[in-house]
Structure formats: C-alpha cells, structure tokens
Amino acid sequence: MSTNESDKTATLNKFEKIKAEKDGLAIKDELEHFAQIGWEAMEKSDLEHRLKWVGVFYRPVTPGKFMLRMRIPNGILSSNQLQVLAEIVQRYGADGNADITTRQNIQLRGVRLEDIPDIFRRLDAVEMTSVQSGMDNVRNITGSPVAGIDGDELIDTRELVQKVQDMITNHGEGNYTFSNLPRKFNIAIEGGRDNSVHAEINDIAFVPAYKDGQLGFNVLVGGFFSAKRCEAAVPLNVWVAPNDDVVDLCRAILIVFRDKGSRANRQKSRLMWLIDELGIDKFRSMVEQEFGRNLATAAEKDEIDWEKRDCIGIYQQKQPGLNYVGLHVPVGRLYAQDMFDLAQLASVYGSSEVRLTVEQNVIIPNIADDNLQVFLTEPLLEKFSIKPRPLERALVSCTGSQFCNFALVETKNQAMAIAQQLDAELDLPKSVRIHWTGCPNSCGQPQVADIGLMGTKVRKDGKTVEGVDLYMGGKVGKDAQLGTCVQKGIPCDEVNTVLKRILIENFGAKPSQQLQG
Ligand code: SRM
Ligand code: SF4
C-alpha cells in the first residue's frame, strides 16, 4: 500500500472500514447460510450493517424481528405484489405489520431471518426487490403519485423512475457499481408543477421546465436533512430532456459522488458537502465530463403557481370516465388484512394497481364512473377515509421508538392521539401539515411541514421526559422553503396545548362549534 493509500485508509470512518473489508452487497450470496445459522450466530457487522444492502434491518428494539425495506419505484405496485407483501406480514401474526414511508415506499415488520430466502423468492416471482434500500445506497426513487392519470401533469415520471432504478440496481439484481457510495442518496423525479415529491430535499431532483418550448427537467442537487445540517437542493444549472438523459445524468452524478465524496467524517459525507468543497461550477463540469457530452443550461423557472395537493378524495383522471381515489392511511400504518383489502379493492374496482404517496397515504387509480358509488360504500373506507379531519389528513410521522433505536420519543401513536384530540376541539379552515420525527435524523421531514415536531429529551419536574423541538415555516410546492426551529424542549404532555395555541393564532382555528354548543 502506498503512503497516500494508507493515509486515505487511516482517515476512513468506521463504516468505510466495514465496507472495505467486504462490500455490503456481497451479503446477498450468504442469506441461505445466515438463515441456517440464525441471527444470534452472525457476525456483528453483517447483522447490524451489511444486511441493510438487501433491505433487511436488524432492529435492536425487537431483536430477531427484522424490518424489510422494499423498493417501490414511483410508489406504484400491483394488487398481486401488495398481496404478496400482505402474505409476508400475515405470517408473523401480531408482530407483522407494514408502514408506508416518507419515500413512497413500504417497510415490512416482524420478519424472521430464517424466512428471508423464501421471502426473496416470492418477491422475485412478482418482480419486486428490496436490494440496496438501506445504508450507503440510493433510496427508493420517488415520482409523481398521479403520473399518467393527472389531467394537469407535465411529464409522466413512471418509466423514467423505473429506468433510473434499473440502472442503479442492475434491474433489481444488485449492482456493485453503486453499492459503496460515501453515504445514502435520494433521487426524486417530479412530473407536475405541485412538487408532490418535495423535490428540494433530495440529493438529485428533476423538476419540469420548458426550454425553448420543449418540456424537460431542470435539475437540483444536494438537498438533504441530517442531524448536523439541513439544506434545500440548489440548481445545477442543467436542463435535460425527459428521456435516457435523465438516467445518464443520475449515473454521472453518482459516479462523481462515489469517487470524490468524502469518506472521512460520516457527518460530512452527503452530496452537498462535496458541492461545497468543489463549488457548484466545478461540480457541474465534473458531472458533464462523466456524462460524456455537453449539458444544456437550466431553463427559465416556470412561473405557474400551483398549490401542493395531497391527492386524498375523488379526482377525475385525464382518461375520460375514470377516477383516482386517495385514501387516508393514518400515519401510514398497515396491517396484513388492510393490505389484502386494498389489493382486492384495486382489483375489483380499479386496474389492480395501488399507489403510495410521500404523505404515507394510498391512491387507487382507474375506477370507472359507474363503479365509484359502490366503491365508496366499501367498509375499508371507514378506516382509510376519503374525508379525514383537517389535522389527521395531513399528518405524517416517522417510525419512532416503537421500532427505531435512534428515537428519542414515541411518534406514530402520539401523533395520532394529539391530531384526533385537536381535530375534535377545533374547527380549521383548511388542513395543516404536521410532521412528527423521533430524532434529529428528520426521517419524518419536520422541515417541510407547516408545523414540525422533532423528538428530544426534556427535564420536567426534576425528571427526564419525552419532548419535542418545534419547527415552523416549512413550505412545499411553489417557493418551497425549509422550516426552522422556533421553540425547543416542549414536554410531550404539553404539546397539545402549544399546538392548540399555534393553530388558533396562526392557522385560523376556532374552538369547535360542537364543543361550544
Ligand atoms: Fe430515515 C436512518 C426510517 C426517510 C434521514 N431512517 C433511518 C433508519 C434506517 C435508522 C435505523 O436504522 O433505525 C430508520 C429505520 C427505522 C425503522 O425501523 O423504520 C429510518 N427514514 C425512515 C423512514 C421509514 C421514516 C418513515 O417512517 O417514513 C423513511 C424510509 C424511506 C424509504 O422508504 O427509504 C425514512 N430518512 C428519511 C428521510 C426523508 C426523505 O428521504 O425524504 C430522511 C431525510 C432526508 C435525507 O435523507 O436527506 C431520512 N434516516 C435519515 C438519516 C439522516 C441522514 C444523514 O445524512 O445524516 C438517518 C441516519 C443515517 O443515515 O445515518 C436515517
Ligand atoms: Fe428513527 Fe429518528 Fe428516523 Fe424517526 S427520525 S425513523 S426516530 S432515525
């Protein structure tokens, strides 16, 4: 080893050393063996880290019951695929459930390691994969949840998202070219003007824009949240046509990140840190070199003003006579029976397709006008409403302490209980987006919410109790901006009172007529 190389190795962080010893993806050939020896006999670095390269997450909170993070490109899956996921969680009885994630994805819970080879065979049979969904890989790629069915859409993102995923994962087989990035990486492709994917919080975001009359994408780079720093993505000053150039540009950016990104301090390894180090112009020219041809400069920003939509409720599609219906799934939590029911509803009334949103909800597309009224009488719609109350409607929550060992607070149950109570106590002119996140990692994206709540520990009456830091001012869609922390350390048992005051003072809430009467 040369001096330079040994210097480089000396500065590698713990995770880089683990990856240097054995690429995380190599684990995919050892799964049968692990299933036989059991998780207790596995080497720690394989158990706690490398399994994440195939989407299998060891949960210290529930040892032996693993989480399986899928890849669901553009958040679209067939009834058949959803049914297979339902069968997997059903097998685990009370331990089995699933969460729709803030990346339009699904995570399964309760999974046993000994079942993984069988589960992977079943996923393979329905063309699903969980490969490279954790650790230093590209996460689920998000796209417009109403791609191909929205009358106002600009670009149908479905095929592009799939192609980018196929390039990165080698069609779901796993791809060593991108299995050792310096850090996690997020890609989003927006197809409308309402920024349904929160473009600006992704490492690469494609945002529709006209250049010389042609529709394509402006490209933003470097958006991310971390405990140390949160940044909105910045313009790369690039416009690409909505074709394979999107795939090639992702490849080029990933290669520059892979080869030049910092592997020393893990808190400073996301793409934005590299952009800072190089400057955006140098970064752009390195990407262009890797891209192999000239990149067009960005198009003028499109000035059409659209409000962010949540897609809950009934909407006519661009296809005459067809509708999509958005169902509210409280904090994204699904049980096996819910998944079977959703799959069945989509088959009976729609086109056997189910879609997910980054707000952790579900859309069933392609319901004919004639079937709509009967569909609306289905019992599942009592649980997954098309008309939730204003606070429940826009509630988002990360996993929290029920399953996540980083969590400083319980999130999902608490978020629901408080939203339901405030919905009962207040009349709101419109829904207010409240996002809960259990720790500063910000998986629940409190910085994009009207009101964000980030878990923390607080001293109250001489005791350490669960609390939150309060974020406000997050704006999505046009003129998106990140919210900032406005109040620190609110004990959880005081959150209700604090939110009530804010909702009345800032969001036009009034004490409920029913309560007054
Ligand atoms: Fe996240 C780590 C859950 C979206 C930032 N995230 C984790 C882990 C894997 C930590 C762990 O091992 O326990 C959590 C798994 C808990 C569990 O059992 O579910 C976890 N993150 C989630 C999910 C499930 C939250 C949710 O309830 O929806 C989301 C899964 C998305 C997916 O399908 O892939 C999720 N995480 C996000 C987002 C939001 C987004 O992508 O829009 C962010 C902020 C955006 C970003 O990454 O820039 C996010 N997660 C993090 C971070 C901080 C990253 C950093 O650069 O420091 C960590 C910790 C880390 O990577 O070191 C983390
Ligand atoms: Fe876990 Fe923290 Fe992410 Fe919530 S924000 S899922 S508590 S890592």
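Whatever order the structure lists them in is the order used to number ligands and atoms, beginning at 1. Computation of the quantities below employed the complete heavy-atom set of this structure, encompassing side-chain atoms and omitting hydrogens, waters and symmetry-equivalent molecules.
The protein heavy-atom contact nearest to atom 41 (O) of ligand 1 is Arg103 NH1, 2.9 Å. Closest to atom 8 (C) of ligand 1 among all protein heavy atoms lies Arg69 NH2, 4.4 Å. Considering only non-hydrogen protein atoms, atom 3 (Fe) of ligand 2 sits nearest to Cys443 SG, 2.3 Å. Remark: minimum distance from atom 57 (O) of ligand 1 to any protein heavy atom is reached at Ser226 CB, 3.1 Å. In terms of protein heavy atoms, atom 1 (Fe) of ligand 2 is closest to Cys404 SG, 2.3 Å. Ranking the protein heavy atoms by distance from atom 2 (Fe) of ligand 2 puts Cys439 SG, 2.3 Å first. The nearest protein atom to atom 49 (C) of ligand 1, hydrogens excluded, is given as Lys184 NZ, 3.1 Å; this is a heavy-atom distance. Counting protein heavy atoms only, atom 42 (O) of ligand 1 is closest to Gln445 NE2, 2.9 Å. Here the protein heavy atom with the shortest distance to atom 52 (C) of ligand 1 is Asn441 CB, 3.6 Å.
The shortest N or O to N or O distance between Cys398 and ligand 1 is not below 3.5 Å. For ligand 1, the polar-atom distance check against Gln107 finds a nitrogen or oxygen pair separated by under 3.5 Å. Some N or O of Thr399 is nearer than 3.5 Å to an N or O of ligand 1, by distance alone. Remark: ligand 1 and Ser442 share no N or O pair separated by less than 3.5 Å (distance only, no angle test). Geometrically, ligand 1 and Gln267 share no nitrogen or oxygen pair separated by less than 3.5 Å. At a 3.5 angstrom cut-off on N or O pairs, Thr102 counts as close to ligand 1.
Interface atoms of ligand 1 facing Ile201, defined by a heavy-atom separation under 4.0 Å, are 42 (O). Near Ala407, meaning under 4.0 Å from one of its heavy atoms, ligand 2 places the atoms 7 (S). Every atom of ligand 1 with a heavy atom of Phe57 under 4.0 Å away is listed here by number and element: 9 (C). Atoms of ligand 1 lying under 4.0 Å from at least one heavy atom of Arg139, given by number and element, are 34 (O). Listed by atom number, the atoms of ligand 2 under 4.0 Å from Asn441 heavy atoms are 8 (S). Distances below 4.0 Å separate heavy atoms of Phe406 from the following atoms of ligand 2: 8 (S). Contact atoms of ligand 1 toward Gln360: 26 (C), 27 (O), 28 (O) (distance under 4.0 Å to a heavy atom of the residue). Counting atoms of ligand 1 from 1 in the listed order, those under 4.0 Å from a heavy atom of Ser397 are 27 (O). Applying the 4.0 Å criterion to heavy atoms of Thr101 picks out, from ligand 1, the atoms 24 (C), 28 (O), 29 (C), 30 (C), 31 (C), 32 (C), 33 (O). Using a 4.0 Å cut-off to heavy atoms of Phe224, the atoms of ligand 1 that qualify are 48 (O). Of all atoms in ligand 2, numbered sequentially from 1 with element shown, those under 4.0 Å from a heavy atom of Thr437 are 5 (S). Close approach to Cys398 involves these atoms of ligand 2, each under 4.0 Å from a residue heavy atom: 4 (Fe), 5 (S), 6 (S), 7 (S).
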- Query: Given the rule in the salt bridge (Lys or Arg N to Asp or Glu O under 4.0 Å) test, do Asp95 and Arg112 qualify, once you have shown the distances and angles that lead to the verdict?
  - Reply: CA-CA 10 Å; Asp95 293 334; Arg112 309 282 168 152; 3.2 Å; yes

- Can Val234 and Met272 be said to form a side-chain contact (heavy atoms from CB on, under 4.5 Å), step by step? CA-CA 9 Å; Val234 295; Met272 187 60 104; 3.9 Å; yes

- Could you walk me through whether Glu494 and Lys460 pass the salt bridge (Lys or Arg N to Asp or Glu O under 4.0 Å) check? CA-CA 11 Å; Glu494 294 173 25; Lys460 184 172 176 179; 2.9 Å; yes

- Task: Evaluate the salt bridge (Lys or Arg N to Asp or Glu O under 4.0 Å) criterion for residues Arg333 and Asp338: first the C-alpha distance (whole Å), next the side-chain angles of each, then the deciding distance (0.1 Å), finally the verdict.
- Result: CA-CA 9 Å; Arg333 177 61 50 85; Asp338 303 328; over 6 Å; no

- Message: Go through it in stages, so that I can follow the logic: the residues are Lys22 and Glu43, the test is salt bridge (Lys or Arg N to Asp or Glu O under 4.0 Å), and I'd like the CA-CA distance, side-chain angles, deciding distance and then a yes or no.
- Response: CA-CA 12 Å; Lys22 176 168 77 177; Glu43 211 228 299; 5.4 Å; no

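With respect to the salt-bridge test (charged N to carboxylate O, under 4.0 angstrom), the residues Asp194 and Lys308 do not qualify. Taking the charged nitrogens against the carboxylate oxygens, Asp136 and Arg266 do have a contact shorter than 4.0 Å, which makes a salt bridge. Residues Asp276 and Arg229 are paired through a salt bridge, judged by an N-O separation under 4.0 Å between the basic side chain and the carboxylate.
Phe403 carries Arg109 over the face of its six-membered ring, with the cationic atom under 6.0 Å from the centre and within 45° of the normal. Geometric assessment of Arg183 against the ring of Trp273 yields a negative cation-pi assignment under the 6.0 Å and 45° thresholds.
One side chain, Glu200 or Asn195, offers a donor N or O that lies under 3.5 Å from an acceptor on the other. A donor-acceptor contact closer than 3.5 angstrom is absent between the side chains of Ser144 and Glu153. Between the side chains of Thr177 and Asn175, at least one donor N or O lies within less than 3.5 Å of an accepting N or O. For the residue pair Ser196/Arg309, the side-chain donor-acceptor check at 3.5 Å is not satisfied. Thr357 and Asp310 form no side-chain donor-acceptor contact under 3.5 Å, judged by distance and modelled atom types alone.
Contact between Lys52 and ligand 1 is present, with at least one heavy atom of the residue lying under 4.0 Å from the ligand. Assignment of Cys230 to the shell around ligand 1 is not supported, since no heavy atom sits closer than 4.0 Å. Ser442 counts as a contact of ligand 2, since one of its heavy atoms falls under 4.0 Å from the ligand.
In this comparison of Gln447, Glu48, Arg59, the heavy atom closest to atom 12 (O) of ligand 1 sits on Arg59. Counting only non-hydrogen atoms, the option in Arg71, Arg183, Arg229 that gets closest to atom 61 (O) of ligand 1 is Arg183. For atom 63 (C) of ligand 1, the choice among Ser133, Cys404, Cys443 with the nearest heavy atom turns out to be Cys443. Closest to atom 54 (C) of ligand 1 by heavy atom, among Arg109, Arg270, His198, is Arg270.
Contacts with ligand 1 closer than 4.0 Å are made by side-chain heavy atoms of Asn186 only, the backbone lying farther away. The proximity of Arg266 to ligand 1, defined as any non-hydrogen pair under 4.0 Å, does not occur for either the backbone or the side chain.
Relative ring orientation between His49 and Phe15 is described as perpendicular, the plane-to-plane angle rising above 60° on a 0-90° scale split at 30° and 60°. Between Phe217 and Phe206, the angle of the ring planes goes over 60°, which puts this pair in the perpendicular group of the 30/60° scheme.
Ser133 pairs in a side chain to side chain contact (heavy atoms under 4.5 Å, CB included) with only one of the listed residues (Arg71, Gln107, Lys52, Met70), which is Arg71. Of the residues listed (Val358, Ile141, Asn186), the one engaging Arg103 in a side chain to side chain contact (heavy atoms under 4.5 Å, CB included) is Asn186, and it is the only one.
Between the CG atom in Leu31 and the CG atom in Leu51 there is a gap of 7.0 Å [rounded to 0.5 Å].
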